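One structure below.
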Amino acid sequence: MAKLLRQGSMWYVQWKDRGRVRRISTGMKHNNLKSPPDFAKAVLAKMQLEEREYKHGMEKKEEQRLIPVDEAVDRYLRTIADKRALGKVTQRSIDNINYRVPPLARKLKELGIRYIQDATRENCTRFMVAMLKNYEPSTCVSYAHILSAIWNQYLKHDDKPIEMRNYWHDKAVLPEIPKKERAIISNEDWAIIEEELKQADPKVRFVCMVAHYTGARLMAVANLRENDFNLTTHELTLAESKGKRHVHPCCNQLSKLLLDWPLCEHRYLPLVDQARLSARISEFFGKLRKKYPGRFAGISHHSFRRTYITRANMLGLPKQWSMDLVGHVREETHDIYRQRVSDILKSADQKIADSWETVH
């Protein structure tokens with residue numbers, strides 16, 4: 001409830017708005033008088049009248065409008081398209097969203113979430129349980145990120161947001177993602193790959209070689225330009241996600257590869273579509289699996305990044321160093337790639353056993 005109080009030399013009106021204390025001056029001095037002047041009382045009466053028209057800082061509504069899922073999805077897609085026009089998101093993100101969002105909206109309505117007000121914790125949990133029957137937990141978490149963005153447009157981004165919670169990121173809703181030990185490339189595997197790359201498509205050879213020496217992502221390598229390699233310091237600037245770039249020091253082998261590689265219009269590789277390049281690399285590893293039965297199971301172009309980080313772990317490099325080398329910012333992301341290696345565990349086990357026999 002609004003009230004008058006003396007602050008400094010003036011009369012102020014104080015009230016609470018969404019749990020926060022607000023205060024405005026009446027412009028009237030109190031002159032050490034206990035009773036406020038009529039003008040200050042008039043200001044107070046006006047604030048008390050307005051306070052009755054408000055609830056927690058938002059105007060009361062006779063009936064809150066139900067927001068259909070289709071309307072929310074259309075608005076989200078328009079927002080993403082506007083961000084693309086401003087260069088804030090990549091075309092790859094647009095393609096991914098356009099591919100995932102429409103069927104996601106259909107699935108929501110099939111499971112009874114026709115309006116965003118229907119997204120209670122129980123309904124969100126039920127939806128995610130149903131999704132887990134068809135998708136991996138990591139994919140379901142990605143869907144939850146998209147759904148959260150769609151809902152947040154109405155929960156907090158409007159002048160008059162909807163009074164409800166966003167349950168799509170609630171711990172009770174999100175599935176647990178078990179960490180899987182994925183394939184990494186051994187010394188013997190790399191010797192075979194290096195030999196086979198000599199006969200492979202030049203694009204495939206360049207991407208695999210650079211990824212092997214830097215742990216870089218596919219398109220970061222595919223989009224390298226001549227001026228990304230510093231001839232003086234032998235440092236390579238690689239593009240990361242969300243428009244970020246980081247400088248990677250080059251080993252002698254990588255420096256020689258970049259110096260000897262023929263350029264095409266100041267690019268190391270001509271412009272190439274990611275899907276086609278990825279398909280060519282997948283085809284290369286598919287042929288290797290047929291030629292060498294029992295080898296290269298689960299190996300892809302992303303295995304180079306995983307192997308690079310795991311080898312940094314094997315060599316005992318501090319985590320922050322390996323994060324700097326590959327451009328990771330969050331430890332949680334980096335830890336997904338750092339895998340346990342049985343040889344390291346055996347060595348650690350032996351060192352622990354030997355420590356008991358140390359003569360003091």
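FYI, side chains are in, hydrogens and waters are out, and symmetry mates aren't considered; it's all heavy atoms of this structure. All values reported here derive from a predicted model rather than from experimental measurement.
- Cys251 is listed as a side-chain neighbour of Leu254, based on a closest heavy-atom distance under 4.5 Å.
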* Start with the C-alpha gap between His302 and Leu218, add the side-chain angles, then the distance that decides, and say whether side chain to side chain contact (heavy atoms under 4.5 Å, CB included) holds. => CA-CA 7 Å; His302 208 67; Leu218 173 66; over 6 Å; no

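- For the pair Glu331 and Lys319, the salt-bridge criterion is met [side-chain N within less than 4.0 Å of a carboxylate O].
- Ser25 and Met10 make their closest contact through OG-CE, 3.9 Å (heavy atoms, listed as atom of the first residue, atom of the second, distance).
- Hydrophobic clustering keeps Leu197 apart from Tyr308 (ILVMFWY residues linked when any side-chain heavy atoms are closer than 4.5 Å, directly or through intermediates).
- Panel note: side chain His248, backbone Val326; no donor-acceptor pair is recorded below 3.5 Å.
- At least one donor-acceptor pair closer than 3.5 Å links the side chain of Arg126 to the backbone N or O of Leu111.
- In this structure a side-chain-to-backbone donor-acceptor pair under 3.5 Å is present from Gln153 to Ile150.
- The closest donor-acceptor contact from the side chain of Trp151 to the backbone of Ile116 lies under 3.5 Å.
- Side chain of Asn123 to main chain of Asp118: a donor-acceptor pair is present (N/O by atom type, distance under 3.5 Å, no hydrogens or angles).
- A donor-acceptor pair under 3.5 Å links the side-chain atoms of Thr307 to the main chain of Ile185, judged by distance alone.
- In the hydrophobic clustering of this structure, Met323 does not group with Val247; members are Ile, Leu, Val, Met, Phe, Trp, Tyr whose side-chain heavy atoms approach within less than 4.5 Å, directly or through other members.
- Within a 6.0 Å radius of CZ in Arg114, no more than 12 heavy atoms belonging to other residues, nucleotides or ligands are found.
- Between Ala183 and Ala297 the shortest heavy-atom distance is CB-O, 3.4 Å.
- Contact check for Trp261 versus Arg205: side-chain heavy atoms found under the 4.5 Å cut-off.
- Atom CD of Glu194 and atom CE of Met209 lie 5.0 Å apart (nearest 0.5 Å).
- Between Leu238 and Arg245, the closest side-chain pair of non-hydrogen atoms is not below 4.5 Å.
- With 3.5 Å as the limit, one finds a donor-acceptor pair spanning the side chains of Asp189 and Ser186.
- Atom CD1 of Ile193 is separated from atom NZ of Lys198 by 13.5 Å, given to the nearest 0.5 angstrom.
- Between the side chain of Asp228 and the main chain of Arg225, a donor-acceptor pair closer than 3.5 Å is present.
- Within a 6.0 Å radius of CG in Asn134, other residues, nucleotides and ligands contribute more than 12 heavy atoms.
- Between Ile281 atom CD1 and Cys208 atom SG the span is 5.0 Å, to the nearest 0.5 Å.
- Taking both residues in full, the closest heavy atoms of Val173 and Met128 are given as O-CG, 3.5 Å, listed atom of the first, atom of the second, then distance.
- Classified by interplanar angle (parallel below 30°, tilted 30° to 60°, perpendicular above 60°), the ring pair Phe296/Phe285 is tilted.
- You'll find the side chain of Arg289 stays beyond 4.5 Å of the side chain of Arg295, heavy atoms only.
- A 6.0 Å sphere centred on OH of Tyr115 holds no more than 12 heavy atoms belonging to other residues, nucleotides or ligands.
- Val204 and Met219 fall within the same hydrophobic cluster, where Ile, Leu, Val, Met, Phe, Trp and Tyr residues are linked whenever their side-chain heavy atoms come under 4.5 Å apart, directly or through other members.
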* Taking it one step at a time, do His169 and His145 satisfy side chain to side chain contact (heavy atoms under 4.5 Å, CB included)? -> CA-CA 8 Å; His169 277 167; His145 281 290; 3.3 Å; yes

* Worked check of side chain to side chain contact (heavy atoms under 4.5 Å, CB included) between Arg267 and Glu226 -> CA-CA 6 Å; Arg267 295 175 61 92; Glu226 180 182 14; over 6 Å; no

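- Between the side chains of Ser322 and His334, at least one donor N or O sits under 3.5 Å from an acceptor N or O.
- Shortest non-hydrogen contact noted between Val69 and Ala105 is CG1-CB, 4.2 Å.
- Listed by chain and residue number, nothing satisfies the side-chain hydrogen bond (donor to acceptor under 3.5 Å, both in side chains) test with Lys287 (two or more places apart in sequence, or in another chain).
- The structure places CG of Leu258 at 9.5 Å from CG of Leu263, a figure rounded to the nearest 0.5 Å.
- In this structure the side chain of Arg280 never reaches within 4.5 angstrom of the side chain of Val207, judged on heavy atoms.
- Inter-residue side-chain proximity for Met131 and Leu104 is flagged as met; some heavy-atom pair is nearer than 4.5 Å.
- Between the CG atom in Leu147 and the CG atom in Asn166 there is a gap of 9.0 Å [rounded to 0.5 Å].
- Ring geometry for Phe304 versus Trp190: interplanar angle over 60°, hence perpendicular rather than tilted (30 to 60°).
- In this structure, Arg165 contributes its side chain and Tyr167 its backbone to no donor-acceptor pair below 3.5 Å.
- Considering every non-hydrogen atom in both Gln117 and Ile67, the closest pair reads OE1-N, 3.1 Å.
- One hydrophobic cluster, built from ILVMFWY side chains closer than 4.5 Å, holds both Tyr268 and Leu231.
- Counting heavy atoms from C-beta on, the side chains of Leu224 and Leu269 never come closer than 4.5 Å.
- To the nearest 0.5 Å, the span separating CD1 on Ile94 from NZ on Lys83 amounts to 10.0 Å.
- When atom types are taken as modelled, the side chain of Asp273 and the backbone of Arg276 share a donor-acceptor pair closer than 3.5 angstrom.
- The shortest distance between side-chain heavy atoms of Ile184 and Ile299 does not fall below 4.5 Å.
- The hydrophobic clustering, which links ILVMFWY residues whose side-chain heavy atoms are closer than 4.5 Å, places Leu132 and Phe127 apart.
- Ion pairing between a basic and an acidic side chain is recognised when a charged N comes within 4.0 Å of a carboxylate O; Glu196 and Lys291 show such pairing.
- No hydrogens or angles considered: nothing links the side chains of Glu136 and Ser138 as a donor-acceptor pair under 3.5 Å.
- Between His234 and Phe229, the ring planes are tilted. Angles from 30° to 60° get that label.
- Using a 4.0 Å cut-off between charged side-chain N and carboxylate O, Arg78 and Asp74 make no salt bridge.
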* **Trace of the salt bridge (Lys or Arg N to Asp or Glu O under 4.0 Å) decision for Lys256 with Asp260** => CA-CA 6 Å; Lys256 186 177 186 307; Asp260 295 343; 2.9 Å; yes

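- Closest approach of Leu236 to Cys250, counting heavy atoms only: CB-SG, 3.6 Å.
- A donor-acceptor pair is defined here as one N or O able to donate and one able to accept, closer than 3.5 Å; no such pair exists between the side chain of Trp168 and the backbone of Cys124.
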